[in-house]
Amino acid sequence: MHFAKVLISALTCIGLTYAQEGDSVVAKPTVTPPKFKHLLTGIIITSPSEPHSYITSPYGKRLTAAGYLGGNWTTPDGKLVANVYPNVGGDSGITDNTGLLHVDTRMTWKFVDDNKYGFMHAIGSGVAYDYDDLYIEFETDSTNHPEINNKFLYGRGTFNGPIWTINLFGL
């Protein structure tokens, strides 16, 4: 019993919680969930996918080429941050046999304040031309945008015809 009291004191000192299960003490790490902040909203004009852009495979239907015709990224209050660089990048995801879309896309941005380029890579899943949840990696040499450069970013995408809206969140 003395050992259990010492162990509980040690766990408490290092910031862990515990549970006593019979004669055993089980450490449970205290985890604070992250709080995401809405950083940007992207309105992206997608190009229509041609029937020959799809390849049927045993896993599903692979999209080999869907590009971006343009669009922009704004702050939540509507300030223009960047334009989508047209006809560079695109989607090459797959819709599996259950109907789940596996997104794998790249997009180039051009910032309006310093004319630097940014490169976005997003992977995720959802339902084609409905919604998707995205993990987004972003890199740029623009020093004006540290909130998105090499950070963990989450995106929630929705579609309205050829318009893909992505709300971008960061920690």
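The figures here come from the full heavy-atom set of this structure, side chains too, leaving out hydrogens, waters and symmetry mates. Numbering of residues begins at 1 and proceeds along the displayed sequence.
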Atom pairs and distances, donor-acceptor, side-chain atoms in residues 156-163, under 3.5 Å, two or more places apart:
residue, atom, partner, partner atom, Å
Arg156, NH1, Asp133, OD1, 2.7
Arg156, NH1, Asp133, OD2, 3.0

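With values rounded to the nearest 0.5 angstrom, Ile44 atom CD1 is found 11.5 Å from Leu69 atom CG. Taken to the nearest 0.5 Å, the NZ atom of Lys110 stands 15.0 Å off from the CG atom of Asn72. Between the OG1 atom of Thr108 and the CG atom of Asn87 there is a distance of 11.0 Å, given to the nearest 0.5 Å. Interatomic distance, Leu101 CG to Lys61 NZ, rounded to the nearest 0.5 Å: 11.5 Å. Rounding to the nearest 0.5 Å gives a distance of 4.0 Å between NZ of Lys116 and CG of Asp141. How far CG of Leu39 is from CZ of Phe138: 11.5 Å, rounded to the nearest 0.5 Å.
Between Trp109 and Leu40, the closest side-chain pair of non-hydrogen atoms falls below 4.5 Å. Taking the side chain as every heavy atom from C-beta outward, Asp104 and His121 approach each other to under 4.5 Å.
Taking the six-membered ring for Trp and thresholds of 30 and 60 degrees, Phe111 and His145 have nearly parallel ring planes, at less than 30 degrees apart.
Scanning both residues, Gly170 and Leu153, for their nearest heavy atoms gives CA-CD2, 4.0 Å. Gly126 and Leu100 get closest at one heavy-atom pair: O-CD1, 3.3 Å.
The ring-ring contact (aromatic ring centres under 6.0 Å, His included) contacts involving residues 78-108 comprise Tyr59-His102, Tyr85-Tyr117, where partners must be two or more places apart or lie in separate chains.
Tested against Met120 for a side-chain contact (heavy atoms from CB on, under 4.5 Å), the candidates Ile136, Ile148, Leu168 yield a single pass: Ile136.
Neither Ile166 nor Ile43 shares a network with the other; the hydrophobic side chains, linked directly or stepwise wherever heavy atoms of I, L, V, M, F, W or Y lie under 4.5 Å apart, form separate groups for each. Hydrophobic cluster membership is shared by Trp164 and Tyr129, with clusters built from Ile, Leu, Val, Met, Phe, Trp and Tyr side chains linked at under 4.5 angstrom. No continuous path of hydrophobic side-chain contacts links Leu134 to Ile94 [ILVMFWY only; heavy atoms under 4.5 Å].
Asn83 places no side-chain N or O within donor-acceptor distance of the main-chain N or O of Gly70, the cut-off being under 3.5 Å. Of the possible polar contacts, none joining the Asp96 side chain to the Gly60 backbone as a donor-acceptor pair under 3.5 Å is found.
In the hydrophobic clustering, Phe152 connects to Phe36, Ile123, Tyr135, Tyr154, Phe169, Leu171, either directly or through intervening members, whenever side-chain heavy atoms lie under 4.5 Å apart.
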